[in-house]
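What follows is a set of notes on a single structure, which appears directly below.
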Amino acid sequence: MASRPRRSQYIPQEIEPKWQKIWADRGVMKANDASPKPKYYDLVMYPYPSGDLTVGHARNYVMGDALARMKRMQGFEVLHPFGWDAFGLPAENAAMKRGGLHPAEWTRNNIAKGKRELKMMGMLYDWDREVTVCEPDYYRWTQWLFLLMYERGLAYRAMAPVNWCPVDKSVLANEQVINGRCWRHPDVEVEKRDLEQWFLKITDYADRLLDDLQKLDKWPAKVRVMQTNWIGRSTGAEVDFPVDGMQGEVVKIYTTRPDTLWGATFMVLAPEHPLVEKVTTDKHRARVREYVEKARKETEIERLSTEREKTGVATGGFAINPVNGEKIPIWVADYVLVTYGTGAIMAVPAHDERDFEFARKYDLPIREVIAPPAGPHGALREAYLDAGVMVNSGQFSGLESAVAFDRIVEWLESQGIGKRAVKYRLRDWLISRQRYWGAPIPIVYCPKHGIVPVPVADLPVELPAEYRPLSEQPDWFQTKCPIGGEDARRETDTLDTFIDSSWYFLRYASPHDETQAFDPELANHWMPVDQYTGGIEHAILHLLYSRFFVKVLHDAGLVKPTEPFVRLFNQGMVKRFGQVMSKSAGNGVSIDELAGAQGADAGRIYEMFIGPPEEDVEWSDAGLNGVVKFLQRVWRLVLEPDSIVADGDGAAAATRAVDAVALRRKVAQSVGRVTEHYDELRFNTAVAFLMELANTMQDYLQGGGARDLEWDGAVRVLLKLLNPLAPHACEEMWARLGEEGLLADASWPTFDAAAAAEPLVTLVVQVGGKLRDRLEVKVGLSEAAATEAALASDKVKNALSGRGPSKVIYVQDRLINLVP
RNA sequence: GUCGGCGUGGCGGAAUGGCAGACGCGCCAGCCUUAGGAGCUGGUGCCCGAAAGGGCGUGGAGGUUCAAAUCCUCUCGCCGACACCA
């Protein structure tokens with residue numbers, strides 16, 4: 001190219017910084033709170049500033065940025081903010097690794113680096129609204145939200161086991177426990193310690209979190225299913241089983257199958273169940289204690305093999321089945337979880353796989369009470385789980401088990417031995433972290449007044465400057481009681497970082513408000529988020545927590561919406577060598593490398609073209625060249641059409657010449673398809689359509705098409721459609737065409753149905769479902785006329801081998817099918 | 001184990017039930033050029049055929065339909081989530 005000076009060259013390294021500066025100077029990315037335009041809140045999941053933003057992150061952000069740019073051109077006032085999930089473990093680990101480095105310093109360095117890279121990719125974020133959760137002006141309000149929860153009775157303290165490394169004298173996250181050992185000390189077994197912890201009562205919102213999923217019809221079905229399963233609501237009955245020989249002592253069990261009550265042949269308590277000691281007879285005490293001890297330790301270490309054989313011991317105690325007065329033995333087994341239901345079950349081996357397995361192993365009786373359609377088995381080979389006719393069930397025998405549920409529950413209630421009950425898999429959210437790098441929990445423990453929340457006026461409770469566990473910094477944690485001024489002690493735990501991220505999207509609405517977490521008026525203006533884009537790895541926790549927070553804030557009268565995110569999209573991960581890309585894994589491709597190689601625009605298009613947005617993709621540089629070629633071709637089409645005409649091979653080009661009508665049609669069609677696919681974030685096909693448009697335009701030129709208004713229109717549409725993905729190049733070309741700023745002033749092209757309509761359609765003629773011929777016909781041909789035209793074709797006559805069709809199927813204007 | 005998703009050329013992948021393989025990579029041939037990893041033109045699912053044309057083709061087996069990559073049943077393979085939730 002260097003040898004052809006007549007051509008202007010596409011040199012991204014020159015034009016990209018230039019346009020980035022112009023955009024910044026013009027402030028095109030700023031969201032105006034007072035704009036009369038309709039709002040569009042385009043949110044991408046903020047990253048952890050780990051210092052290695054890769055092309056994997058960029059894939060998410062290109063989608064968000066392209067959408068924001070399109071929406072701006074469509075006349076929306078777009079809020080497209082960015083921030084940093086800056087509290088958390090990696091900063092502490094990095095600080096530990098490099099002795100002397102403070103997590104704050106490490107974090108801030110990474111943020112600076114990441115910000116530079118994002119700007120380099122041409123992302124237009126409203127940096128005036130940047131949010132960094134580790135800064136006091138943010139976590140002040142995180143603490144305030146905790147106090148709000150506390151005030152509303154949603155935060156409470158309870159004992160909970162934590163992973164404890166005896167060498168580090170520190171709590172470990174679950175991910176840091178590998179095979180029951182500390183990740184940093186593979187020879188050291190992690191201990192389980194019971195510590196007093198803070199919880200949020202998310203279970204109070206279980207029903208609403210579940211039911212409102214139905215409103216989220218623009219969320220991927222997959223995520224809704226995952227959340228549904230996570231919440232895990234089941235309906236059943238709680239039934240009281242008196243303990244034999246112990247006046248007034250009952251074991252409450254939970255079952256989803258009250259229709260199988262008559263088949264209960266034993267009872268099982270979780271090892272941690274409070275009644276275990278009581279029901280155990282002296283004869284069995286030693287063995288039971290040994291089992292409980294062992295079970296406790298095992299679950300602590302790891303539930304490695306879930307397929308392991310069930311174990312348990314008899315307590316020697318008996319319970320009375322209240323429905324038939326039967327005495328059934330009470331066992332203890334670790335397959336019953338103390339954390340679910342009542343921690344105790346009635347075991348119905350005939351109709352439950354687990355109970356069946358257990359009964360077989362310990363030779364406990366199995367009694368069939370639900371007969372399959374084929375009739376009772378007598379000797380069961382496996383548990384029968386489906387519905388059937390109830391047998392051996394007193395007055396309910398003969399009833400269809402499927403319809404018996406309600407009647408049995410009513411009867412239990414009338415007898416005072418049981419009641420309807422709903423249970424959840426969801427547990428309350430443990431939010432205490434015995435970590436330095438997080439928002440301190442704003443609580444003071446006073447010997448006189450007990451748990452005392454820090455007054456809002458005293459927020460933030462700032463982290464001490466020194467990086468050391470808070471519990472080892474008496475200068476920091478020694479304080480006075482806010483109520484009476486007594487010597488008191490601060491809470492030394494910090495908040496789970498998921499709290500930070502459960503409300504950051506609200507802070508963006510009024511990021512500098514020093515009087516409140518967010519301005520309700522502005523929050524209600526921008527909320528809910530119209531499009532939320534991020535990784536599937538947050539399908540459950542982050543999204544569930546954010547939904548929970550918004551519901552609580554709604555109940556507190558602070559936000560109107562009950563759901564934060566209208567439309568959710570989970571983009572796939574970028575992998576390399578089969579693994580998720582990251583610097584620490586050594587397979588990362590940085591944004592620097594991508595933008596440096598062939599420019600940000602090529603990188604942006606390539607990120608989108610590499611595969612379907614929701615699928616994981618394997619990174620390779622192979623296709624990047626094709627994208628660069630495409631950009632260069634657009635450049636030539638727009639600015640150097642002469643060189644394209646000159647390159648055309650007249651003879652060849654004539655065979656697929658595109659006339660003005662065909663060009664107009666293609667342009668109109670592209671507007672429709674590209675707009676629709678951008679909107680649905682299907683960027684890979686949108687890019688393909690843009691390539692098709694460029695191909696068509698090239699054919700038009702090479703076939704001798706005039707460079708008239710038709711052509712100029714096509715050029716402008718191409719630039720506008722391509723602008724969200726390749727903004728620098730398009731702005732530059734637009735400017736060279738002598739137009740005003742593309743981003744600032746241009747509007748999105750509108751779809752012209754008339755231009756897109758085809759004056760002639762291809763009538764596809766099938767015989768017996770097989771393609772036989774294609775005929776050019778007028779749009780809207782009647783069925784009779786279409787059939788006549790089809791039958792005139794020799795090929796069709798051949799296929800019908802002389803006979804006429806016995807049946808004619810005519811579909812739209814495009815297809816006719818003759819059945820011989 | 002349960003739930004969910006996915007199997008289409010050499011590769012990434014397109015296809016409201018209606019011309020399978022768009023778009024791109026790669027490859028082949030040619031053109032252009034003061035030897036470029038640039039640009040341009042044509043070709044490129046498989047088989048038979050010089051060609052025209054014909055046959056076969058979306059993991060496998062059935063089914064529904066005038067018509068199936070697409071819907072249904074079974075099956076094989078890969079991936080993901082949950083994992084004893086009574």
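Chain letters run A, B, ... following the sequence lines, proteins first, then strands; residues in each count from 1.
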Separation of [X] atom [atom1] from [N] atom [atom2], in whole Å?
X: A/Trp635; N: B/rG39; atom1: CH2; atom2: P; result: 16 Å
X: A/Leu624; N: B/rG37; atom1: CG; atom2: P; result: 18 Å
X: A/Ile231; N: B/rC3; atom1: CD1; atom2: P; result: 20 Å
X: A/Tyr340; N: B/rC82; atom1: OH; atom2: C1'; result: 14 Å
X: A/Asp616; N: B/rG12; atom1: CG; atom2: C1'; result: 14 Å
X: A/Ile536; N: B/rC79; atom1: CD1; atom2: P; result: 18 Å
X: A/Glu614; N: B/rC79; atom1: CD; atom2: P; result: 19 Å
X: A/Trp619; N: B/rC11; atom1: CH2; atom2: C1'; result: 16 Å

Are A/Phe266 and A/Phe358 an aromatic pair by the rule of ring centers under 6.0 Å?
yes

Centroid separation A/Trp429 to A/Phe498 less than 6.0 Å
no

So if I define the base as every atom that isn't primed, P, OP1 or OP2, how would nucleotides 18-27 of chain B read as a B/S/- string at a heavy-atom cutoff under 4.0 Å?
BB--BBSS--

Assigned partner base of [N], Watson-Crick or wobble definition, under 3.5 Å:
N: B/rA67; result: none
N: B/rC74; result: B/rG60
N: B/rA35; result: none
N: B/rA15; result: none
N: B/rG1; result: B/rC82
N: B/rC40; result: B/rG30

Taking [atom1] in [X] as the centre, count heavy atoms belonging to other residues, nucleotides or ligands within less than 6.0 Å. Is the count above 12?
X: A/Gln13; atom1: CD; result: yes
X: A/Glu537; atom1: CD; result: yes
X: A/Lys361; atom1: NZ; result: yes

Between [options], which nucleotide gets closest to the side-chain atoms of [X]?
X: A/Ile345; options: B/rG80, B/rA86, B/rG39; answer: B/rA86
X: A/Thr255; options: B/rC84, B/rA86, B/rG4; answer: B/rA86
X: A/Pro612; options: B/rG39, B/rA86, B/rA14; answer: B/rA14

Classify A/Ser234 by what it touches in the nucleic acid, base, sugar-phosphate, or nothing, heavy-atom distance under 4.0 Å.
sugar-phosphate

Hey, does A/Ile610 reach any base, or is it just sugar-phosphate, or nothing, if we go heavy atoms under 4.0 Å?
sugar-phosphate

For [N], take OP1 and OP2 only and decide whether either is under 4.0 Å from a side-chain N or O of [X].
X: A/Arg425; N: B/rA83; answer: yes
X: A/Lys807; N: B/rC66; answer: yes
X: A/Gln702; N: B/rU41; answer: yes

I'd like to know if the side chain of A/Thr265 and the backbone of A/Pro365 have a donor-acceptor N/O pair within less than 3.5 Å.
yes

For A/Val409, is there any backbone N or O sitting under 3.5 Å from a side-chain donor or acceptor partner on A/Arg420?
no

Specify the residue among A/Trp230 and A/Val338 whose closest nucleotide of RNA chain B lies further upstream toward the 5′ end.
A/Trp230

Ranking A/Gly611 and A/Tyr254 by the position along RNA chain B of their nearest nucleotide, the one closer to 5' is A/Gly611

Would you say that A/Ile345 contacts A/Tyr335 through its side chain, given a criterion of any heavy-atom pair below 4.5 Å between the two side chains?
yes

Interatomic distance at [atom1], [N] relative to [M], whole Å:
N: B/rC56; M: B/rA61; atom1: P; answer: 15 Å
N: B/rU75; M: B/rA69; atom1: P; answer: 23 Å
N: B/rG59; M: B/rA52; atom1: P; answer: 30 Å

Please list all pairs meeting salt bridge (Lys or Arg N to Asp or Glu O under 4.0 Å) that have one or both residues in residues 605-629 of chain A, counting only residues at least two apart or in different chains.
A/Lys575-A/Asp616

